[in-house]
Amino acid sequence: MVIFKKISELQSYLNSYTSTGKTVGFIPTMGALHAGHLSLIKEAKASTDVVVCSIFVNPTQFNNKADYEKYPVSEGADIELLVDGGCDILFLPSVKEIYPDGLIQFASFDFGYLDTLLEGKYRPGHFKGVAQVVNRLLEIVSPDKLFMGQKDYQQCLIVKKLLQLTGKDNKIELVICPTLREQDGLAMSSRNRRLSESQRSLAAVIYQCLVSIEAKQNSMPFAVVQKECMDILNGKGFVTEYVAIANSEDLSLMSDYTDSRKTVALIATKIGDIRLIDNMLLSG
Ligand code: AMP
C-alpha cells in the first residue's frame with residue numbers, strides 16, 4: 001500500500017493508473033478502522049482496479065467540539081488493517097491540505113429537509129460539513145465508484161443528493177454497503193471503542209429495538225412500539241434522541257407503518273457522552 005499526504009502526489013500516482021483505463025474505487029473514512037470499514041474495502045476491490053481509502057477526521061462536520069477532540073485516532077493500527085485488507089492507496093491529508101483557505105464553507109448545497117431532520121436536527125450543521133468534505137475528496141480522488149455504509153443511512157442519502165446537485169452522478173457510482181455488526185447485533189462503529197465494559201454490554205439493545213420495530217409492524221401501531229423502545233433504552237440509562245420510521249427513499253418521516261416495503265427504522269441514542277446511531281430496512 002502506498003501512503004500519500006499531499007494531493008498533488010496522490011493525483012499524479014492515480015493518473016498513472018487512470019490514464020491506462022483503470023477504474024478507481026474510493027472509501028472515505030475518519031479512521032479508527034474496524035471490520036465494517038474493511039467490508040467496504042473488500043467490496044471496492046471486487047469491482048474496481050485501484051482502491052483508495054482516505055483517513056481524515058473532518059473538523060467541519062462536528063457540531064460538538066468535545067466529540068471532535070475525543071474522536072478515536074489509531075493511525076498505526078489502521079495502516080496495518082488496510083494493508084491486510086488489500087487497500088492499494090491510503091490518502092492521509094492534514095487539515096491544511098484539505099482546507100488551505102481555512103474551515104469556511106464556500107460551497108453550500110441545498111438538501112431541502114434532508115439535512116434538517118433526524119441527524120440534521122440533533123447535529124445542526126453536520127451534513128453541511130459532510131457534504132463539504134466529501135465533495136472536496138471526490139474532486140481530489142475523482143473515483144469511478146464511491147463506497148459508503150448503510151450504517152450512516154441519512155449520510156448516504158445526503159451524498160446521493162450531493163452527487164446529483166454537482167452533476168457528479170454521471171461519473172461516480174455510489175455503492176451502499178450493508179452494516180457489519182458485532183455478534184450481539186451492535187453495529188460496528190469507531191465510537192464503540194469508547195464504550196466502557198458495562199456500556200458495551202448494554203449497547204446491543206439498540207439493535208434489539210430495531211428488530212422489534214420490524215417484528216411488530218403487522219401487529220401494533222408504530223407509536224406504541226416507538227414508546228416501548230424509548231422506555232427500554234432510557235430505562236437502561238440511554239438518553240434517546242429519536243426512534244423513527246421513514247420512507248427509505250426520501251427519508252420523509254412516517255407516523256405509522258404502511259404496507260410499503262420502502263421503510264427504514266432509525267435510532268439515535270446516547271450513553272454517557274457517546275452517541276450511537278443505527279438503522280434497519282424493514283422487509284415489509
Ligand atoms: P466513518 O469512519 O465512521 O466516517 O465511516 C466511514 C465509512 O464506513 C462510512 O461510509 C460508514 O457508513 C462506513 N461504516 C461505518 N461503520 C460501518 C459498519 N458497521 N458497516 C459497514 N460500513 C460502515
Side-chain angles (χ1 to χ4, degrees), residues 25-48 51-64 67-68 70-75 77-79 81-82 85 87 90-93 95 98 118-119 123 126-138 141 143 145-163 172-195 200 203-204 206-207 210 248 251 264 266-268 274-281:
F26 179 43
I27 302 104
T29 81
M30 298 205 299
L33 301 182
H34 50 68
H37 295 114
L38 291 183
S39 71
L40 306 191
I41 306 274
K42 194 170 168 197
E43 194 89 20
K45 278 183 76 69
S47 67
T48 53
V51 175
V52 183
C53 175
S54 64
I55 296 181
F56 179 64
V57 184
N58 174 35
T60 70
Q61 73 186 67
F62 287 83
N63 54 313
N64 179 333
D67 191 27
Y68 175 57
K70 287 185 190 165
Y71 200 83
V73 175
S74 55
E75 206 175 284
D78 288 352
I79 291 171
L81 279 175
L82 288 173
C87 181
L90 169 60
F91 181 43
L92 202 57
V95 172
I98 295 294
L118 301 168
E119 288 303 281
R123 303 186 68 190
H126 169 63
F127 287 124
K128 291 208 167 22
V130 168
Q132 178 190 27
V133 76
V134 171
N135 196 47
R136 176 90 173 110
L137 290 168
L138 291 178
V141 178
K145 293 190 181 192
L146 169 64
F147 297 83
M148 304 195 83
Q150 188 201 312
K151 158 81 172 38
D152 298 282
Y153 196 86
Q154 193 170 0
Q155 173 169 279
C156 290
L157 295 193
I158 288 276
V159 170
K160 188 173 167 203
K161 181 99 186 174
L162 173 74
L163 294 177
I172 303 174
E173 183 190 342
L174 174 63
V175 182
I176 300 175
C177 305
T179 303
L180 246 74
R181 300 182 177 281
E182 303 288 355
Q183 273 201 335
D184 63 0
L186 175 66
M188 290 182 184
S189 164
S190 306
R191 287 188 171 85
N192 292 352
R193 63 180 73 179
R194 292 190 49 224
L195 297 169
R200 172 62 191 87
I206 302 168
Y207 177 68
L210 289 170
S248 58
L251 218 64
V264 60
L266 309 107
I267 294 180
I274 305 159
R275 190 171 181 280
L276 300 173
I277 59 169
D278 199 356
N279 67 81
M280 183 184 277
L281 286 163

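Here the structure is a predicted model, which means the values were calculated and not measured. Note that ligands are numbered from 1 as they come in the structure, with each ligand's atoms numbered from 1 the same way.
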Participant: Does even one non-hydrogen atom of Cys156 get within less than 4.0 Å of ligand 1?
Facilitator: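 No heavy atom of Cys156 comes that close to ligand 1.
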
Participant: Under a 4.5 Å cut-off applied to non-hydrogen side-chain atoms, are Leu266 and Val264 in contact?
Facilitator: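 The answer is yes, as the side chains (C-beta and beyond) meet within the 4.5 Å cut-off.
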
Participant: List the closest protein heavy-atom neighbour of atom 11 (C) of ligand 1: residue, atom name, distance to the nearest 0.1 Å.
Facilitator: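 Ranking protein heavy atoms by distance from atom 11 (C) of ligand 1, first comes Asp152 OD2, 3.1 Å.
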
Participant: Quick one: nearest non-hydrogen protein atom to atom 21 (C) of ligand 1, plus distance?
Facilitator: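 Result for atom 21 (C) of ligand 1: Pro178 O, 3.4 Å.
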
Participant: Taking only heavy atoms of Tyr71, which atoms of ligand 1 are found under 4.0 Å from at least one of them?
Facilitator: 3 (O)

Participant: Which bit of Lys151 gets closer than 4.0 Å to ligand 1, counting heavy atoms only: side chain, backbone, both or neither?
Facilitator: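 For Lys151, only side-chain atoms sit under 4.0 Å from ligand 1.
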
Participant: Ion pair present between Lys145 and Glu43, side-chain N to carboxylate O less than 4.0 angstrom?
Facilitator: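 No.
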
Participant: Taking the six-membered ring for Trp, are Phe91 and Phe56 closer than 6.0 Å centroid to centroid?
Facilitator: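 No; Phe56 has its ring centre 6.0 Å or more from that of Phe91.
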
Participant: Show which atoms of ligand 1 fall inside a sub-4.0 Å distance from at least one heavy-atom site of Met30.
Facilitator: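 Counting atoms of ligand 1 from 1, those under 4.0 Å from Met30 are 1 (P), 2 (O), 4 (O).
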
Participant: I'd like to know whether ligand 1 has His34 as a neighbour, heavy-atom separation below 4.0 Å.
Facilitator: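 Flag set, His34 near ligand 1.
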
Participant: Of all the atoms in ligand 1, which lie at a distance below 4.0 Å from a heavy atom belonging to Met188?
Facilitator: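 This gives 16 (N), 17 (C), 18 (C), 19 (N) as the contact atoms.
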
Participant: Only heavy atoms of Pro28, strictly under 4.0 Å: list the atoms of ligand 1 that pass.
Facilitator: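 Numbered from 1, ligand 1 contributes 6 (C), 7 (C).
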
Participant: Among all protein non-hydrogen atoms, which one is nearest to atom 1 (P) of ligand 1, and what is the separation to 0.1 Å?
Facilitator: His37 NE2, 3.6 Å

Participant: Are Thr60 and Gln132 close enough, and set up right, to give a side chain to side chain donor-acceptor pair (under 3.5 Å), and what steps lead you there?
Facilitator: CA-CA 8 Å; Thr60 70; Gln132 178 190 27; 2.7 Å; yes

Participant: Any idea which atoms of ligand 1 are less than 4.0 Å away from a heavy-atom of Met148?
Facilitator: 10 (O)

Participant: Which atoms from ligand 1 have a heavy atom of Thr179 less than 4.0 Å away?
Facilitator: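 Going through ligand 1 atom by atom, the ones under 4.0 Å from Thr179 are 19 (N), 20 (N), 21 (C).
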
Participant: Looking only at N/O atoms, are Leu180 and ligand 1 under 3.5 Å apart anywhere?
Facilitator: yes

Participant: What's the shortest distance from atom 10 (O) of ligand 1 to any protein heavy atom, and which residue and atom give it?
Facilitator: Gly149 N, 2.9 Å

Participant: Does only the side chain of Leu40 get under 4.0 Å from ligand 1, or the backbone, or both, or neither? Count heavy atoms.
Facilitator: side chain

Participant: Can you tell me if Phe56 has a non-hydrogen atom under 4.0 Å from ligand 1?
Facilitator: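 Outside the 4.0 Å threshold, so no.
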
Participant: Assign the ring pair Tyr68 / Phe62 to parallel, tilted or perpendicular, where the plane angle (0 to 90°) is split at 30° and 60°.
Facilitator: tilted

